Amino acid sequence: MKQPLNVIKIGGAVIEDPEKQQAFLDGFVALKGPKILVHGGGRIATEIGERLGMEAIMVEGRRVTDDATVDLVTMVYGGLVNKQMTAKLQSLGVNAIGLTGADGSIIRSVKRPVTNGVDYGWVGDPVEVNADFLTKMIEAGGVPVIAPLTHDGAGHILNTNADTIAGTIALAMAEFFEVNLALTFELDGVLADVNDPESLINPFKESFFIEMKESGAIHSGMIPKLENSFKALHSGVKGVRICKYDQINSNHGSLLQI
Ligand code: ADP
């Protein structure tokens, strides 16, 4: 029988708010058994970029990554955010190991080709996960903490959506573990009306996703979140939940169903 593994993703807006981040970390620390943390960091990079006179360009919830931006996100996601998160987890007794997708070739990706006339720049779509290496770290008692950066095998860092990283890692690890994936963010889960916090949809069926994407009720960052989640569910991940950052240890949120 496969051992359980939790893959948890924390969104950028939660990391930015110290109280919310603490609430998330308390839940993450309390989570029993092997676990992997994947973090975002978008808004922090945007803010630091603005201080440096750079402007963020977003298309459908994804940042367009030019030469200066890939340097910025490498410093902010792979440096500041990743190492602060690792240090905090260490202070809470978790043997966190802060990594990017380039470290141990955890995730190799391909630079996204120009899509519908949009050049995303240094953005990567994952092609290969080093699940063996992640497994060895977990077996050694480590808790990988992964920044949303990958590499192309030719020396370039590629900016990669954190939900995509979490979904891809969950999928690859499902060969060796019984994987549960939780994508946590500021809201309660998938909402019928994004402006109505009472409109949580649970369980959330794949057919709803298709309908709500077409009607525009699901948009921006929620689209890659759900695309990756359903792909993971179709490929052997046991469960996927989209939930609030302080609900890792509950069953609140939207449990996805295919
Ligand atoms: P994070 O980086 O915090 O994980 P994203 O910004 O990538 O989150 O995606 C979450 C956002 O998706 C929400 O803040 C919300 O604005 C948006 N969204 C769009 N449609 C929905 C929906 N139907 N339910 C919940 N959130 C939605």
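If you read the sequence from its start, that first residue is 1, and numbering goes on from there. All values reported here derive from a predicted model rather than from experimental measurement. Indexing begins at 1, ligand by ligand and atom by atom, following the structure's order. Any value given below was found using the heavy atoms of this structure, including those in side chains, with hydrogens, waters and symmetry copies removed.
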Q: Do T164 and N228 have side-chain N/O donor and acceptor atoms under 3.5 Å apart?
A: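 Yes - a donor-acceptor pair under 3.5 Å links their side chains.
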
Q: Going by the order shown, which atoms of ligand 1 are within less than 4.0 Å of some heavy atom of L191?
A: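 It comes down to these atoms of ligand 1: 22 (C), 23 (N), 24 (N), 25 (C).
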
Q: I'd like to know if K20 pairs up with E186 as an ion pair, taking the criterion as any Lys NZ or Arg NE/NH1/NH2 lying under 4.0 Å from an Asp or Glu carboxylate oxygen.
A: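 A salt bridge is present here (some side-chain N lies under 4.0 Å from a carboxylate O).
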
Q: With a 4.5 Å heavy-atom cut-off, do I15 and H39 have their side chains touching?
A: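 The answer is yes, as the side chains (C-beta and beyond) meet within the 4.5 Å cut-off.
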
Q: Can a non-hydrogen atom of E186 be found less than 4.0 Å from any atom of ligand 1?
A: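 Contact absent.
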
Q: When only distance counts, is A217 in polar contact with ligand 1, meaning an N/O pair under 3.5 Å?
A: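 By distance alone, the answer is yes.
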
Q: H219 heavy atoms, cut-off 4.0 Å: which ligand 1 atoms fall inside?
A: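 That gives atoms 18 (N), 19 (C), 20 (N) of ligand 1.
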
Q: Would you say the side chains of S109 and H151 form a donor-acceptor pair under 3.5 Å?
A: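 No.
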
Q: Does ligand 1 have any atom that is closer than 4.0 Å to a heavy atom of A192?
A: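 No, A192 has no heavy atom closer than 4.0 Å to ligand 1.
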
Q: Would you say the side chains of T74 and D71 form a donor-acceptor pair under 3.5 Å?
A: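 T74 vs D71: no donor-acceptor pair found between side chains.
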
Q: Under 4.0 Å, heavy-atom basis, I'd like to know which part of L183 is in contact with ligand 1: side chain, backbone, both or neither.
A: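 Neither part.
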
Q: Looking only at side chains, do D66 and W122 share a donor and an acceptor under 3.5 Å apart?
A: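 No, no side-chain donor-acceptor pair sits under 3.5 Å.
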
Q: Which is it for I218 and ligand 1 at heavy atoms under 4.0 Å: side chain, backbone, both or neither?
A: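 For I218, backbone and side-chain atoms both sit under 4.0 Å from ligand 1.
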
Q: Heavy-atom pairs closer than 4.0 Å: do any link ligand 1 to the side chain of R43, the backbone, both, or neither?
A: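 Only the side chain of R43 comes within reach of ligand 1.
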
Q: Does the ring centre of F209 sit less than 6.0 Å away from the ring centre of F230?
A: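 When the ring centroids of F230 and F209 are compared, they turn out to be within the sub-6.0 Å range.
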
Q: Checking the N or O distance criterion of under 3.5 Å, is ligand 1 in contact with K225?
A: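 Right, the criterion is met.
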
Q: Within ligand 1, which atoms have a heavy atom of G221 less than 4.0 Å away?
A: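 Checking each atom against G221, I get 5 (P), 7 (O), 9 (O).
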
Q: Give the atoms of ligand 1, by number and element, whose distance to some non-hydrogen atom of K9 is under 4.0 Å.
A: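 Under 4.0 Å from K9, ligand 1 has these atoms: 1 (P), 2 (O), 4 (O).
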
Q: For the 3.5 Å polar cut-off, considering only N or O atoms, please tell me whether G11 and ligand 1 meet it.
A: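 No; every N/O pair is 3.5 Å or more apart.
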
Q: Quick check: T184 and ligand 1, any N/O pair under 3.5 Å apart?
A: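 Between T184 and ligand 1 (N or O atoms, distance only) the closest approach is not under 3.5 Å.
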
Q: For V110, which fellow cluster members are found when Ile, Leu, Val, Met, Phe, Trp and Tyr are connected by side-chain heavy-atom distances below 4.5 angstrom, either directly or through intermediates?
A: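 Members besides V110, by chain and number: V127.
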
Q: With sequence neighbours excluded, what pairs up with D26 under the side chain to side chain donor-acceptor pair (under 3.5 Å) test?
A: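 Q22.
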
Q: F185 heavy atoms, cut-off 4.0 Å: which ligand 1 atoms fall inside?
A: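 It comes down to these atoms of ligand 1: 3 (O), 4 (O), 10 (C), 13 (C).
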
